[in-house]
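Working notes, structure below.
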Amino acid sequence: MAPKATKKRSAPSDPDGMFAGMDVFLVEIGVQPRRLQIWKQKLEQMGASIEDRLSKKVTHVFAMNSEALLQQIGRQRLSRFKGSVLLYQWLEGSLSLGEKVSEAPYILTLESGEGSLSNKSFKECGSKASNGYGSSDDETSHHKKIRTSPEDPKTASTKDMDDTVNIAVYEERKTVSSSDDLSPTHSPVNSSPTTPDALTKTVEISDSSLPYSPPDQNHNITEIFGKLVNTYRALGDDRRSFSYYKAIAVIEKLPFKIENMDQVKHLPAIGKSMQDHIQEIVSTGKLSKLEHFETDEKVRTVSLFGEVWGIGPATALKLYDKGHRTLDDLKNEDSLTNAQRLGLKYFDDIKTRIPRHEVQEMEQLLQKAAEEILPEVVVICGGSYRRGKASCGDMDIVITHPDGKSHIGFLRKYVKHLKDIKFLREDLIFSIHSEEDTDAGVDTYFGLCTCPGRELRHRIDLKVYPRDIYAFGLIAWTGNDVLNRRLRLLAESKGYRLDDTGLFPATQSSSSKRGTRAITSLRFKTEREVFDFLGFPWFEPHERNL
DNA sequence: CAGTAG
DNA sequence: AGGCCTTACTG
DNA sequence: GCCT
């Protein structure tokens, strides 16, 4: 019939997206073009439509600050506008949370000047490294637990470094096009031998061109909450830990410094307890609850023990109850497993972050060694390395083979060889699954390795994927965990289940029966195809530090 | 099976 | 009141 | 811990 269906939208907007029904007008003054483009794209993809002028249908106006707002629209026309006038931070907050946040804190008014006020101070705080609790931290990526140590003063500086590099990489992103998949020999995104000079320079640029950047005005609060995240995690209370983790994400996005409780009353993830805590921190500067934790010998000891690879909350508590108080004590404990003993022996080694250039060196070694055993094999270092970080807590190596079958049995030979050349030093876990039956099995090895010529132990994971589900493995092990979670939730909302082994139609029986492994994943060759299928905007690996 | 890891 | 991640190995 |  009527060919009215003009479906020419390249990026299919999702009518059920979180911005559905919104008609937005964007004040472009003071917005970095790239950032603007990203926002436009996301708005449209999540159901909003963008107007080029402030027409009647417009429901939302976004601006960087009140100056830009006035400059573009003018007081009169503005006073006639009945919709919401918000800071772009609302967008940021909603995107990072995956759902619309309350508009109240982001409302931009000319009278109160709240927006312009906070905007002023943006310049001062500039591009302060956004402290990444859990998520943006790269200790590990994936859909893992919340494991970080924001309180560790020793790692503080490296965090800053990480973010710095990200900004630098951001600049040269366009040039790096292929991030993907089945292309042997040539490594993906590693190329960023940024010099210190280049770094500082880039930072300065971004300082002036990103006047909004990460606010981080409530660092006092997020810092304390971050410590609670780790503490509860160490105690085995993952749920509670996660709550603080989510609260941090919300608070970090706020464009103002919290002073009275009304500003925080209706924020998502902030309930009664959080409000009380914020109240106490704002008025006293500290949180007695945390102080208590930090002086409690039991909590401190259990936390420490839990940092040993292989020791979790339960074991840590047992060890404490046995009377152990220091890591030295544990060395004489014979109930420890092999892996735990190794974790203990190389405790400091494993905690030592690996400079990017060393990871690069090892990745090349790994690629070369792999090809000697199996030509055409694809070896990519994922994790925080692939996301462009300046240093990495460990290495996540994702492997496949383009012919779809010769990956089988590869890992055994590979590991043996890597041991022969003294690259791999100690084993933690070795699980072979591909050699068995019909499984779309992933072979996995966890162990310790050393950089050539050195003795310092690093954690390394080797994972071999069948070609057909390789893209999923690559996505999952590149992370970060926030991105993975969003992908997973998006898939879920569209009736699928996503994990590192594939994308499956959501059959309810998927959880019921065990033997029914026959459910096969949808096939995608590249990461981008997966993103596209899910209707998720494409993120280059270095853009996945959410 | 509990505990742990990613 | 009950969900908030899933899956596989170690011992 | 928060949220439905």
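Just so we're clear, the structure is a prediction, and the values are computed from it rather than from any experiment. Order of the sequence lines sets the chain letters (A, B, ...), proteins ahead of strands, with each chain counted from 1. The figures here come from the full heavy-atom set of this structure, side chains too, leaving out hydrogens, waters and symmetry mates.
Here the P atom of nucleotide C/dC9 and the CG atom of A/D461 are 15 Å apart, to the nearest Å. When rounded to the nearest whole Å, the span between CG of A/D500 and P of C/dA8 equals 10 Å. Residue A/F472 contributes atom CZ, which lies 17 Å from atom C1' of C/dT7 at whole-angstrom precision. The interatomic distance linking A/D238 (CG) with C/dC5 (P) rounds to 11 Å, in whole Å. Rounded to whole Å, atom C1' of B/dG6 lies 9 Å from atom CH2 of A/W309. The nearest whole Å value for the distance from the CD1 atom in A/I397 to the P atom in B/dG6 is 15 Å. Regarding A/Y465, its OH atom lies at a distance of 12 Å from the C1' atom of C/dA8, rounded to whole Å. If you take CD1 of A/I429 and P of C/dA8, they are 13 Å apart, rounded to a whole angstrom.
The pair A/D296-A/R300 fails the salt-bridge criterion, with no side-chain N (NZ, NE, NH1 or NH2) lying under 4.0 Å from an Asp/Glu carboxylate O. Taking the charged nitrogens against the carboxylate oxygens, A/K318 and A/E333 have no contact shorter than 4.0 Å, which rules out a salt bridge.
Here, C/dC4 and B/dG6 have their P atoms 23 Å apart, quoted to the whole Å. Distance noted for atom P between D/dC3 and C/dC5: 15 Å (whole Å).
For A/F446, whose side chain is taken as the heavy atoms from C-beta onward, the closest listed nucleotide among D/dC2, B/dG6, C/dC9 is B/dG6. In this structure, of B/dT4, C/dT7, B/dG6, it is B/dT4 that holds the atom nearest to the side chain of A/A314. Minimum atom distance to the side chain of A/R485 is reached by C/dC5, of the listed D/dC2, B/dT4, C/dC5. Taking the side chain of A/K318 as heavy atoms from C-beta on, and the options D/dC2, B/dG3, B/dT4, the nearest nucleotide is B/dG3. Minimum atom distance to the side chain of A/M274 is reached by D/dC2, of the listed D/dC2, B/dG3, C/dC5. For A/R239, whose side chain is taken as the heavy atoms from C-beta onward, the closest listed nucleotide among C/dC4, B/dG6, C/dC9 is C/dC4.
Residue-level contact check: A/L228 touches neither bases nor backbone, having no heavy atom under 4.0 Å from any strand.
Contact check, A/T444 against C/dC9: no side-chain N or O comes under 4.0 Å of OP1 or OP2. The shortest distance between the side-chain N/O atoms of A/R488 and the OP1/OP2 oxygens of C/dC4 is not below 4.0 Å.
Under the side chain to side chain contact (heavy atoms under 4.5 Å, CB included) criterion, A/I429 pairs with A/W309, A/F446, sequence neighbours left out.
Few gaps surround NZ on A/K257; more than 12 heavy atoms of other groups in view lie less than 6.0 Å from it.
Using a distance-only test at 3.5 Å, with no hydrogens or angles considered, a donor-acceptor pair links the side chain of A/N484 to the main chain of A/A476. Between the side chain of A/Q340 and the main chain of A/L336, no donor-acceptor pair closer than 3.5 Å is present.
By the 30° and 60° cut-offs, the orientation of the rings of A/F225 relative to A/H277 is perpendicular.
Checking each of A/T501, A/D500, A/T400 against A/Y465 for a side-chain hydrogen bond (donor to acceptor under 3.5 Å, both in side chains) leaves exactly one that passes, namely A/D500.
For the contact set between residues 321-345 of chain A and DNA chain B, defined by any heavy atom under 4.0 Å, there are no members.
Taking the nucleotide of DNA chain C with the nearest heavy atom to each of A/F430 and A/L489, the more 5' of the two is matched to A/L489.
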